[in-house]
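Report on the following structure.
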Amino acid sequence: MKFKHLLAACLCLSLFVPALADDLDAIKKKGLLVVGVKDSTPPFGVRDVKTNTIAGYDVDFALAIAKHMGVKVVVKAVESAERIPALQRHDVDMVIATMTKNAEREKQVDFSEGYFVTGQKFVVRKGKVNNIEDLTKATIGTATGSTSEKQLRRELPNANVVLFEDYAPAMAALSKGELDAVSTDEPILAGLLNKMPNKQNFEIPDVSISIEIYGVAVRKGETRLVKEVNDTLIGMEQSGEAAKIFNRWFGENTATPLLRTFKIKAH
Ligand code: GLU
């Protein structure tokens with residue numbers, strides 16, 4: 001008898017304890033998605049100084065994901081080393097900021113399927129570098145907290161790696177002759193090289209040291225939010241919207257023409 005009462009009490013309790021709200025519920029409830037993006041990494045995220053707004057490939061994905069969720073979107077600038085801390089401090093709900101998904105980062109955050117694929121290369125003075133051996137003892141700038149930094153130390157252990165908060169100041173140092181190279185993902189280098197005042201003196205040789213697959217990062221354990229993002233990304237691939245965004249920023253007539261060698265798909 002006693003056991004029956006206890007069982008009934010437990011059943012009642014389970015009926016009345018609401019499921020804990022997750023990030024997806026919280027975003028929908030406030031009607032707002034806050035996304036961390038880059039603001040000086042053309043063409044993924046660049047601030048327009050006149051309007052003080054940020055636009056780019058990553059921002060377009062943020063807009064599409066918010067639209068799919070039926071909420072408004074606000075973008076906030078985050079530098080490479082700040083992406084995971086910004087998520088953990090709840091400064092942002094999501095990061096779409098040229099962020100490579102890898103096993104090490106997956107210990108701290110969860111990632112969507114990949115939405116961009118590229119590789120790490122170098123910007124150097126024209127005619128100076130033909131292969132990786134030419135960079136063995138070079139002074140190379142990159143951003144702190146990036147996969148680029150880690151890979152440089154692994155692939156070129158005798159190089160002098162100089163860390164910057166972001167890639168734009170590293171390019172300024174290269175332009176002034178303070179560095180032999182700047183290294184990160186190829187489209188970031190192409191976007192910044194295009195803005196360099198003395199760009200005719202520099203090039204990106206065909207020397208690649210990694211494959212980088214960018215993912216949308218969310219807080220660890222937010223499986224419903226990851227599914228929502230993945231559903232949007234796969235839908236964007238199927239509808240052609242993802243390719244359209246790619247062409248807007250990397251198409252033939254842009255400053256950074258690239259071939260779309262990947263498709264967004266479920267793994
Ligand atoms: N994709 C690399 C990373 O996630 C390099 C680019 C960046 O720092 O944003 O670290």
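Being a predicted model, the structure only gives us computed values, none of them experimental. First listed ligand is number 1; within each ligand, the first listed atom is number 1.
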Just let me know how T184 lines up against ligand 1, side chain, backbone, both or neither, with a heavy-atom cut-off below 4.0 Å.
-> side chain
Could you tell me the residue and atom name of the protein heavy atom closest to atom 7 (C) of ligand 1, and the distance to it rounded to 0.1 Å?
-> Y167 OH, 3.2 Å
Short N/O distance, under 3.5 Å, between S80 and ligand 1?
-> yes
Interfacing atoms of ligand 1 (cut-off 4.0 Å, heavy-atom, R105) = 3 (C), 4 (O), 10 (O)
Checking R260 against F262: charged group under 6.0 Å from the ring centre and within 45 degrees of the axis?
-> yes
Provide the number and element of each atom of ligand 1 under 4.0 Å from a heavy atom of S148.
-> 5 (C)
Residues, nucleotides or ligands: over 12 heavy atoms within 6.0 Å of K126 NZ | yes
Will you find, in the side chains of S208 and Q120, an N or O donor that is under 3.5 Å from an N or O acceptor?
-> no
Can you list the atoms of ligand 1 that are under 4.0 Å from a heavy atom of S146?
-> 8 (O), 10 (O)
Which atoms of ligand 1 are found less than 4.0 Å from any heavy atom of M99?
-> 4 (O)
Could you tell me which residues satisfy side chain to side chain contact (heavy atoms under 4.5 Å, CB included) with N158, sequence neighbours excluded, listed by chain and number?
-> none
Ignoring hydrogens and angles, state whether a donor on the side chain of S148 or T184 is under 3.5 Å from an acceptor on the partner side chain.
-> yes
Compare T98, T147, T144, N102 and give the one whose heavy atom is closest to atom 10 (O) of ligand 1.
-> T147
Can you tell me if T41 uses its side chain to pair, donor with acceptor, with the backbone of K38 under 3.5 Å?
-> no
Measure the distances from the heavy atoms of R83 to every atom of ligand 1 and state whether one is below 4.0 angstrom.
-> yes
Is the gap between the ring centers of F250 and F44 under 6.0 Å?
-> yes
Under 4.0 Å between a Lys/Arg side-chain N and an Asp/Glu carboxylate O for K220 and E106?
-> no
Please state whether K38 comes within less than 4.0 angstrom of ligand 1, counting heavy atoms only.
-> yes
Give the atoms of ligand 1, by number and element, whose distance to some non-hydrogen atom of Y214 is under 4.0 Å.
-> 1 (N)
One finds that the ligand 1 atoms under 4.0 Å from a non-hydrogen atom of I188 are 6 (C)
